[in-house]
Amino acid sequence: MHPMLNIAVKAARRAGNIINRATRNLDIVAFKEKAANDFVSEVDREAEQAIIRTLRDAYPDHSILAEESGASGASDYQWVIDPLDGTTNFIHGFPQYAVAIALRHKGVVTQAVVYDPGRNDLFTSSRGRGAYLNDQRIRVSKRNQLKSSLIGTGFPFRQLEHLDVYLAILRDMMKGAAGVRRAGSAALDLAYVAAGKLDGFWEFGLSPWDMAAGALLITEAGGLVGDLAGENNYLKTGNIIAGNPKIFVELLRAITPHLSPALQRG
Ligand code: IPD
Ligand code: CA
Ligand code: CA
């Protein structure tokens, strides 16, 4: 395993232990609403600090972009961290959430970990070396038609201005696909696309820490990831489409006609 990936795995497992310990007594976990329907708990913060400490011990010069504590440092290497992706699920004891850690080198994601602590599922990838679930190589699914595909998504609950466009797409997807799932952890949804458990995924308004790790898993598993123009700017625009190569194209074809001018830019 690449040494930097090894450190990222160590950090993700530490965060996972903190999360698992907290699930034994969810009633005492304190949380607050950052914005409407957007929660942060003390577990998010504790997990994030454990990750940052682990990364800093190994690589004191690297910079950090973490969901709860923001950006720090200046380096060609930047760790992009979501300590707990799926906080709303976590708070409710709905077992679908993950730790996501990615490393960017000069802007290019080179290492990725998505760790589901409840199932002890560890998704990892180093650029150019494939993607893995635990010790098994994973690949995107081979399904080539939308009508037989299971598609993941997330609701635009922060950008309600996109709701009508989103609902029109959802309507088409419910009619056109075998099934649509909103599981509540974008990082884990993307890891599921990499592992072929979902055939495709789309969501608007995500942050880099939701997407960076999962996107590398998908491309290393043979899939495609893009923004709404099918280009590579999803970490900037926050809008993402992903899938096996055939379903990626199908999703793009299904979504494009609905886009508002604001979303057409990618
Ligand atoms: C959220 C989850 C969710 C997605 C939201 C994200 P958080 O992350 O990934 O699936 O729909 O947009 O913000 O806030 O739980 O880390
Ligand atoms: Ca997140
Ligand atoms: Ca989070």
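Source: prediction; values computed, not measured. In each ligand, atom 1 is the first atom listed, and ligand 1 is the first ligand listed.
Under 4.0 angstrom from ligand 1, the non-hydrogen atoms of D210 all belong to its side chain. Contacts with ligand 1 closer than 4.0 Å are made by backbone heavy atoms (N, CA, C, O) of L84 only, the side chain lying farther away. If you look at F157 next to ligand 1, the close heavy atoms, those under 4.0 Å, all belong to the side chain. The proximity of A187 to ligand 1, defined as any non-hydrogen pair under 4.0 Å, does not occur for either the backbone or the side chain.
Under 3.5 Å, the side chains of S63 and R104 contain no donor-acceptor pair of N or O atoms. A donor-acceptor contact closer than 3.5 angstrom links the side chains of T87 and D44. Looking at R129 and Q111, their side chains never bring a donor and an acceptor atom within 3.5 Å of each other. Side-chain contact of R182 with T153: a donor-acceptor pair under 3.5 Å is absent, judged by distance alone.
Ring centers of W202 and F248: at least 6.0 Å apart, outside the cut-off.
The shortest contact between atom 11 (O) of ligand 1 and any protein heavy atom is with E203 OE2, 2.6 Å. The protein heavy atom nearest to atom 15 (O) of ligand 1 is G86 N, 2.7 Å.
Of all atoms in ligand 1, numbered sequentially from 1 with element shown, those under 4.0 Å from a heavy atom of S185 are 9 (O), 10 (O). Below 4.0 Å from some heavy atom of A186 lie the following atoms of ligand 1, by number and element: 2 (C), 9 (O), 10 (O). Interface of R158 with ligand 1, defined as ligand atoms under 4.0 Å from a residue heavy atom, comprises 6 (C), 12 (O), 13 (O), 14 (O). Of all the atoms in ligand 1, the ones that sit under 4.0 Å from a non-hydrogen atom of G184 are 2 (C), 3 (C), 10 (O). Interface atoms of ligand 1 facing D82, defined by a heavy-atom separation under 4.0 Å, are 16 (O).
A parallel orientation is assigned to the rings of Y77 and H62, their planes being inclined by less than 30° (bins at 30° and 60°).
Closest approach between the Ca ion (ligand 2) and any N/O/S atom of D85 involves OD1. The N, O or S atom of D210 with the smallest distance to the Ca ion (ligand 2) is OD1. Taking the Ca ion (ligand 2) as reference, D82 places its N/O/S atom OD2 nearest.
The Ca ion (ligand 2) has no N, O or S atom of E67 inside 3.0 Å of it. The distance from the Ca ion (ligand 3) to the nearest N/O/S atom of P83 is not under 3.0 Å. Here E68 fails the criterion, with no N, O or S atom under 3.0 Å of the Ca ion (ligand 3).
Salt-bridge check for K34 with E68: passed, with a basic side-chain N closer than 4.0 Å to an acidic carboxylate O. The residues E48 and R45 are annotated as not salt-bridged, no charged nitrogen and carboxylate oxygen being separated by less than 4.0 angstrom.
When each of K246, R143, K142 is paired with D199, the side chain to side chain donor-acceptor pair (under 3.5 Å) condition holds for R143 and for no other. The side chain to side chain contact (heavy atoms under 4.5 Å, CB included) with H258 is formed by just one residue from the set L167, D172, L263, L228; it is D172.
Between D85 and ligand 1, at least one pair of N/O atoms sits closer than 3.5 Å.
Separation of atoms CE (M173) and CG (L146) is listed at 6.0 Å; rounding is to 0.5 Å.
Ranked by closest heavy atom to atom 14 (O) of ligand 1, the top entry among R182, E68, M211, E67 is E67.
Cation-pi contact between R13 and Y115: present, with separation from the ring centre below 6.0 Å and deviation from the ring axis of at most 45°.
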